[in-house]
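Note that the numbering runs from 1 along the sequence shown for the chain. Below, each value reflects all heavy atoms present in this structure, side chains not excepted, and no hydrogens, waters or symmetry copies. Note that the coordinates shown come from a computational prediction; the quantities given were computed from them, not determined experimentally.
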Amino acid sequence: MSVESCTAFLRFALRDTGIRQQMKAMTAVAEMVRLGQTHGYLFDARDLAAASSSPDFSEDAPKTASGATASGPESAAPAAAEPTAFYHYEYAMEDLPGFDAVLAELPALKIKPSTVDLAEFDEEFRADDLRSTSLAPDGAEYQRWRAALDTSRRRDFHLVNLDSHTGHEDYEAYYAAKIRLVGALEKVFGGDVRLSGNLWYPPSSYRLWHTNEDQPGWRMYLIDFDGEFPDAEHTSFFRYQHPETGELVTLRERPRLARFFKVEQDPDRLFWHCIVNPTPRHRWSFGCHVPDTWLDAIAGRS
């Protein structure tokens, strides 16, 4: 492994439009390392962080996950250009014009990597973490719970990041489907689309309160399940605190759902939200950064 090999790969990626297009579908460092190996460049995550943070690549390094550099999806994205505002939309994917190709990719995207130990996953469930999703993030009770957290381990989610698992037998087909998904979405929206997070929520999983404020702009999440819910009142749900009213809003979910919302950076208009799957169903969520003009693009196709 070497920083030099990683640097050579980054220079190669900068010149290759095909690789740059593929990288729109990548959200994890493990994927970047694997892509480099595919092209004969051997490096690890530490080499990648060193190479992409060097002065030669601080401005021009290949991007993943809506502007994050190759050092990983945690990097900050450019600030939003529009005035702050709160927006939220939901659609059945079947109702969105041009989404036939998107729906066709869902079966290949909804994977359960064999490298995930579900018994170990279940042992990491924390009931007190789950209860925090019922508290208003700006409330005193939530703040007390947050202050008492053991910060020696990450506690903001209980789910599986699919893109961190690159060593299982289904990865290549899954990766190819992600690339096709990006292409299909760019045809629908007529602009640049980048994947931001591809997540598997097994039964009794959750993502705790967060804002995504370091990557502002429009987000779209494609959500699907391994079956229908027999009871519409007992489903997974998306909950947010309305930035203007402070109200906690709970949105029950259903298969083949497309959710759009705008992430803000204004401290008074942060979009606090969380996701909970308390059901026996398996939930998948594929996040994308989409152009600001996505709504006009859909209206123009109607």
Quiz item: Between W294 and Y89, is the ring centre distance below 6.0 Å?
Solution: yes
Quiz item: Is there a side-chain contact (heavy atoms from CB on, under 4.5 Å) between R256 and I223 once you walk through the steps?
Solution: CA-CA 6 Å; R256 297 172 299 283; I223 299 158; over 6 Å; no
Quiz item: Looking just at side-chain N and O atoms, do E253 and S236 make a donor-acceptor pair shorter than 3.5 Å?
Solution: yes
Exercise. Taking all heavy atoms of A136 and all of Y142, pick out the closest pair and write down the distance.
Key: O-CB, 3.2 Å
Quiz item: Near E124 CD, under 6.0 Å, is it more than 12 heavy atoms from other residues, nucleotides or ligands?
Solution: yes
Practice problem: Only one of M32, R194, E31 passes side chain to side chain contact (heavy atoms under 4.5 Å, CB included) with M23; say which it is. | Solution: M32
Practice problem: Kindly determine whether L195 and K178 satisfy side-chain contact (heavy atoms from CB on, under 4.5 Å), including the steps that lead there. | Solution: CA-CA 8 Å; L195 297 188; K178 288 200 299 173; 3.7 Å; yes
Quiz item: Would you call D224-K110 a salt bridge at under 4.0 Å N-O?
Solution: yes
Practice problem: Check F238, Y240, W209, Y221 against H273 for a ring-ring contact (aromatic ring centres under 6.0 Å, His included) and give me the one that passes. | Solution: F238
Quiz prompt | Candidate pair R46 and L48, rule side-chain contact (heavy atoms from CB on, under 4.5 Å), full reasoning | solution = CA-CA 5 Å; R46 195 175 306 176; L48 181 57; over 6 Å; no
Quiz prompt | Shared hydrophobic cluster, Y206 / F271 (ILVMFWY, side-chain heavy atoms < 4.5 Å) | solution = no
Exercise. For R252, look at atom CZ and say whether over 12 heavy atoms of other residues, nucleotides or ligands are found less than 6.0 Å away.
Key: yes
Quiz item: If you draw a 6.0 Å radius around NE2 in H234, do more than 12 non-hydrogen atoms from other residues or ligands fall strictly inside?
Solution: no
Quiz item: Is the backbone of D170 close enough, under 3.5 Å, to the side chain of H168 for a donor and an acceptor to pair up by distance?
Solution: yes
Exercise. Report the distance from atom CG of L222 to atom CG of L181, rounding to the nearest 0.5 Å.
Key: 6.0 Å
Quiz prompt | Check: D296 side chain, T293 main-chain N or O, donor-acceptor pair, under 3.5 Å | solution = no
Quiz prompt | Salt bridge flag under 4.0 Å for residues D292 and K262 | solution = no
Practice problem: Let me see the working for W272 and H210 under side-chain hydrogen bond (donor to acceptor under 3.5 Å, both in side chains), right down to the final yes or no. | Solution: CA-CA 5 Å; W272 284 98; H210 61 290; over 6 Å; no
Quiz prompt | Ion pair R281/E228, N-O distance below 4.0 Å | solution = no
Exercise. Tell me, with the steps shown, if F260 and H88 meet side-chain contact (heavy atoms from CB on, under 4.5 Å).
Key: CA-CA 6 Å; F260 296 79; H88 173 263; over 6 Å; no
